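Please read the structure below before turning to the comments.
Indexing begins at 1, ligand by ligand and atom by atom, following the structure's order. Worth knowing before you read on, the calculation uses all heavy atoms, side chains too, and leaves out hydrogens, waters and symmetry mates. Predicted model, so just to flag it, every value in this text is computed and none were measured.
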Amino acid sequence: MKENKQFRFETEVIHKGYSSSDYQGSLTPPIFQTSTFTFANAEQGEKRFAGEENGYIYSRLGNPTVRMLEERMASLEKGEAALAFGSGMAAVSAILFALTKTGDHIVCSQGVYGCTFGLLQMMEEKYHISHDFSAMASKEDLIEAIRPETTCIYVETPINPTMKLVDLEMVVEVAKEKGITVVVDNTFCSPYLQNPLAIGCDVVIHSATKYICGHGDVIAGMAVGKKDFMEEVAMTTQKDIGGVMSPFDAWLLLRGLKTLSVRMDRHCDNAQKLVSFLANHPMVDEVYYPGDEKNRDYEICKKQMKQPGGLISFSIKGTKETAQQFMNELQLVKIAVSLGDAETLIQHPATMTHAVVPQESREKMGISDTLLRLSVGLEAWQDIQDDLKYALDKL
Ligand SMILES: *Cc1c(COP(=O)(O)O)cnc(C)c1O
């Protein structure tokens, strides 16, 4: 294989960052299950620590299996460099702490992953790094939330769990003018559906636990961005806070990534079929899916996402108890948080992923007590639909 040849996405998910000829022909990458690396002599150790010689030192600072995954992810997200973390939240916290110091301010999309909300609160309480939420519905709307101390704009799109979208091109335009770093949590899309760096954003974060892994057996995170910034993160908030990924988890993610494009196509196809069923059921109040032509963000979806994704949120007519009764009637669809797995999963944000968010903030974010989030799996869509219908009809 020619060095540096750029292949298409569907090829890079399988090959990028690994060459079997470097590893005795092993088709799949070896797992370097080691904590440390031996030096040939004391001087080599000195040189490696001084950064005068390339090579591995200790697996918190770098590991060959993890490095393969980082190289692959950097390419898939169209970035210069990637870093792997022990969880999505380890990635979020390493990036946010690298970008801020006491007195700084973060503008965050109106609606964000529950633990990211918790982290922002902790940063405010303990370190006086403040934040404001913005719907980012227009340039003016976003500019209004920005202060002289704003160093970071943090965006989730689609927003968890309301599925609202933020126009990334608009955000980049505002941020560039003011010299603010834009961080995007791209977990809901995976690099197959949306590439924020290609639009001009600075850093992309993934909870790799979700679509990147795809099989519900790993907790992991990734961050991708410019080489200089990622090197700074590697040497500071990653190394010294220490939320790194294990070689075995990196190996599972390299394996999961191979099927990312075929999985995403199927997730999206299934979701699109279920959206029309849900929208027409008398017990369903509202369906939130960016690929729905009637959705207010449909134009943004067409502009920045390859397909509308595998997640659907919808509200049930009735109360919190009606929503819970519906979940309890499901047979095939499993009640669980997380998303992006082969199995279809359903969760109740108000009492699960967003229970830490106070009721008042939840309402502002649009998370009602009857809202449910469905992560559409890879099963036959007819079977998922039958299960949803059975439970809805019982109400
Ligand atoms: C799950 C998730 C996270 C956190 O990731 P972990 O791997 O659970 O730490 C962050 N953002 C989004 C959008 C998520 O879905």
Side-chain angles (χ1 to χ4, degrees), residues 66 69 73 77 82-97 106 108-123 133 154-166 168 183-194 196 201 203-224 237-238 241-246 249-250 252-253 256-257 264 267 288 290 305 309-313 336-341 343 345-349 352-357 365-367 371-377:
V66 177
L69 172 68
M73 275 299 291
E77 273 295 8
L83 289 174
F85 294 87
S87 72
M89 285 319 301
V92 174
S93 54
I95 295 299
L96 284 182
F97 278 115
I106 299 167
C108 181
S109 51
Q110 185 84 60
V112 75
Y113 184 71
C115 296
T116 305
F117 183 90
L119 176 71
L120 289 171
Q121 271 196 322
M122 182 175 76
M123 289 171 79
F133 293 101
Y154 188 92
V155 185
E156 261 183 39
T157 179
I159 291 175
N160 184 13
T162 55
M163 303 306 293
K164 285 181 195 148
L165 303 188
V166 173
L168 292 176
V183 180
V184 178
D185 182 333
N186 204 27
T187 301
F188 273 31
C189 285
S190 88
Y192 184 58
L193 300 183
Q194 177 172 277
C201 301
V203 184
V204 161
I205 293 174
H206 284 280
S207 166
T209 310
K210 318 293 168 56
Y211 289 113
I212 307 269
C213 170
H215 295 76
D217 45 19
V218 176
I219 296 282
M222 300 288 308
V224 192
T237 52
Q238 185 186 43
I241 298 178
V244 293
M245 184 184 289
S246 81
D249 285 352
L252 283 169
L253 295 177
L257 268 178
M264 291 313 291
H267 283 300
Y288 305 93
M305 294 169 73
L311 286 147
I312 307 169
S313 287
V337 297
S338 200
L339 57 103
D341 294 329
E343 296 83 358
L345 305 177
I346 196 162
Q347 68 112 351
H348 184 244
M352 295 177 182
T353 51
H354 289 69
V356 295
V357 180
M365 292 178 177
I367 305 169
L371 185 74
L372 295 163
R373 188 192 72 193
L374 188 71
S375 169
V376 178

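Shortest contact from atom 4 (C) of ligand 1 to any protein heavy atom: Tyr113 CE2, 3.3 Å. Among all non-hydrogen protein atoms, the one lying nearest atom 2 (C) of ligand 1 is Lys210 NZ, 2.5 Å. From the protein, the heavy atom lying nearest to atom 5 (O) of ligand 1 is Ser207 OG, 3.0 Å.
Side-chain contact between Ile95 and Tyr154 is absent, with no heavy-atom pair separated by less than 4.5 Å. No side-chain heavy atom of Ser93 sits under 4.5 Å from any side-chain heavy atom of Ile241. Side-chain contact check for Tyr113 versus Val92: every heavy-atom pair is 4.5 Å or farther apart. In this structure the side chain of Ile205 never reaches within 4.5 angstrom of the side chain of Phe85, judged on heavy atoms. Two residues are said to be in side-chain contact when any heavy atoms from C-beta on lie closer than 4.5 Å; Met264 and Tyr211 meet this criterion. In this structure, the side chains of Ile367 and Thr162 come closer than 4.5 Å at one or more pairs of heavy atoms.
In terms of N/O distances under 3.5 Å, ligand 1 is approached by Asp185. Considering backbone and side-chain N/O of Glu156, none are found under 3.5 Å from N/O of ligand 1. Considering backbone and side-chain atoms together, Met89 places an N or O closer than 3.5 Å to an N or O of ligand 1.
Taking every heavy atom of Gly88 and a limit of under 4.0 angstrom, the matching atoms of ligand 1 come to 5 (O), 6 (P), 7 (O), 9 (O). When each atom of ligand 1 is checked for a heavy atom of Ala220 under 4.0 Å away, the hits are 7 (O). Of all atoms in ligand 1, numbered sequentially from 1 with element shown, those under 4.0 Å from a heavy atom of Ser87 are 7 (O), 9 (O).
Annotation for Gln347 and Val337: closest pair OE1-CG1, 3.9 Å, computed over non-hydrogen atoms.
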